[in-house]
Peer 1: 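Sharing a structure, written as structure tokens. Questions coming.
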Amino acid sequence: MDITPDTPIVVLTGAGISQESGLPTFRGHGGLWNGHRAEDLATPDAFRRDPALVHDFYNMRRAVLLDEKIKPNAAHLALARLERDWLGDFMLVTQNVDNLHERAGSEKLIHMHGELLKSRCQHCGQISDWVGEMNGESECPNCRARGQLRVNVVWFGEMPLRMDDIYRYLRRCGLFISIGTSGNVYPAAGFFQIVNQNPGAKTVELNLEPSLNADQFSDGHYGPASQTVPAFVDRLLNGVLEP
């Protein structure tokens with residue numbers, strides 16, 4: 001299909017877009033916290049084994065996110081503008097657990113890996129806003145149970161959220177834009193493959209450097225997200241996909 005002003009769009013964002021706002025990734029080279037790999041802390045087993053350590057890790061991440069220096073960057077703002085000005089269906093799917101997209105103005109948004117500023121009660125299942133510290137004595141705002149709260153973030157070994165909705169959007173998508181992702185975390189790394197099955201659909205990668213699957217995208221633009229995303233959105237809204 002040709003990309004027209006009413007073409008359905010799905011955008012996927014990863015850590016690369018938030019890193020430019022000053023948020024550390026805690027993964028990859030040097031991605032240690034207090035002598036632990038993030039992957040070793042973000043699991044149900046780690047929480048059962050040492051809940052205080054896991055709480056401390058997410059308390060620290062929450063405090064970093066709430067620092068007044070952390071703000072949406074030009075890429076977040078450009079995606080909010082694309083959502084506002086695009087005539088067709090639009091959905092933004094993020095792997096990020098921060099709230100920078102919301103702060104930039106995005107509303108059509110799915111947090112497939114959960115949200116750092118929300119708690120989940122393991123007793124009643126209630127999800128609540130949570131901006132302060134959390135520990136083993138924290139009380140659920142809904143059922144008042146103590147010691148049953150955890151951060152509402154999808155851990156390794158758990159199923160990402162709202163996958164049925166995401167797959168529905170991908171199957172009718174005409175333009176898929178992947179931003180700031182490494183291409184090695186599934187199921188998100190396979191989203192472009194679903195869109196590639198849609199007749200005439202276009203898949204575009206905007207990344208600091210080519211991902212593992214870059215050669216399977218229709219197009220790619222490389223550099224900081226704060227530069228590549230606004231430039232691409234400008235071209236898209238002006239009806240010119242190529243530079």
Side-chain angles (χ1 to χ4, degrees), residues 9-31 38-39 42 61 64-65 69-83 86 90-106 108-116 153-154 156 160-162 166 169-170 173 175-196 202-236 241 243:
I9 291 178
V10 174
V11 177
L12 172 69
T13 62
I17 193 171
S18 293
Q19 193 171 14
E20 286 194 62
S21 288
L23 288 180
T25 64
F26 298 104
R27 299 191 63 196
H29 179 69
E39 291 90 335
R61 292 188 63 181
V64 171
L65 176 57
K69 296 191 296 291
I70 304 300
K71 298 177 181 179
N73 61 54
H76 295 104
L77 296 170
L79 291 177
R81 179 164 58 94
L82 178 60
E83 174 188 323
W86 192 248
F90 177 94
M91 182 53 64
L92 172 57
V93 180
T94 186
Q95 297 172 279
N96 299 331
V97 297
D98 58 64
N99 65 346
L100 295 177
H101 283 302
E102 291 93 332
R103 290 172 59 188
S106 292
K108 298 176 181 178
L109 175 65
I110 295 175
H111 278 276
M112 64 178 293
H113 289 162
E115 299 174 74
L116 186 59
V153 166
V154 176
F156 292 98
L161 307 177
R162 295 185 61 185
I166 293 171
Y169 283 111
L170 291 171
C173 169
L175 174 62
F176 175 73
I177 309 168
S178 177
I179 303 170
T181 63
S182 63
N184 61 5
V185 178
Y186 284 84
F191 286 173
F192 76 95
Q193 296 171 322
I194 297 172
V195 179
N196 279 340
K202 184 179 182 69
T203 55
V204 179
E205 176 175 82
L206 307 178
N207 218 348
L208 189 60
E209 56 189 24
S211 71
L212 297 175
N213 303 308
D215 61 340
Q216 299 181 56
F217 282 81
S218 309
D219 195 8
H221 302 271
Y222 302 101
S226 59
Q227 298 174 20
T228 59
V229 177
F232 185 82
V233 168
D234 285 342
R235 290 195 298 271
L236 188 56
L241 276 182

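Along the sequence shown, the residues carry numbers beginning at 1.
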Peer 1: Which residues pass the salt bridge (charged side-chain N to carboxylate O under 4.0 Å, His left out) test with Arg103, not counting sequence neighbours?
Peer 2: none

Peer 1: Are the side chains of Leu23 and Asn96 in contact, using a 4.5 Å heavy-atom criterion?
Peer 2: no

Peer 1: Can you give me the closest heavy-atom contact between Gly16 and Ala225, atom names plus distance?
Peer 2: O-CB, 4.5 Å

Peer 1: By ring pair (Phe, Tyr, Trp, His ring centres under 6.0 Å), which residues pair with Phe90, not counting sequence neighbours?
Peer 2: none

Peer 1: Is there a donor-acceptor contact under 3.5 Å from the side chain of Thr203 to the main chain of Ser218?
Peer 2: yes

Peer 1: Minimum heavy-atom separation for Pro24 to Val64, with atom names?
Peer 2: CD-CG1, 4.1 Å

Peer 1: Work out which heavy atom in Glu115 is nearest to a heavy atom in Glu102; give both atom names and the distance.
Peer 2: OE1-OE2, 3.8 Å

Peer 1: Which heavy-atom pair separates Ala80 from Ala104 by the least distance, and what is that distance?
Peer 2: CB-O, 3.4 Å

Peer 1: Quick one: does any side-chain atom of Thr228 pair with a main-chain N or O of Tyr222 as donor and acceptor, under 3.5 Å?
Peer 2: no

Peer 1: Do you know the tightest heavy-atom contact between Val154 and Met112?
Peer 2: CG2-O, 3.7 Å

Peer 1: Going by distance alone, is a donor N or O of one side chain under 3.5 Å from an acceptor N or O of the other, for Glu205 and Ser211?
Peer 2: yes

Peer 1: Over all heavy atoms of both residues, which pair between Val233 and Arg81 is shortest? Give the atoms and the distance, please.
Peer 2: CG1-NH2, 3.8 Å

Peer 1: Atom CD of Gln95 and atom OG1 of Thr181: how far apart are they, to the nearest 0.5 Å?
Peer 2: 6.0 Å

Peer 1: Which residue is it: Asn73, Thr13, Thr94, Asp98? I am looking for the one with a side chain to side chain donor-acceptor pair (under 3.5 Å) to Ser18.
Peer 2: Asp98

Peer 1: Only counting residues at least two apart or in another chain, list the ones meeting ring pair (Phe, Tyr, Trp, His ring centres under 6.0 Å) with His101.
Peer 2: His76

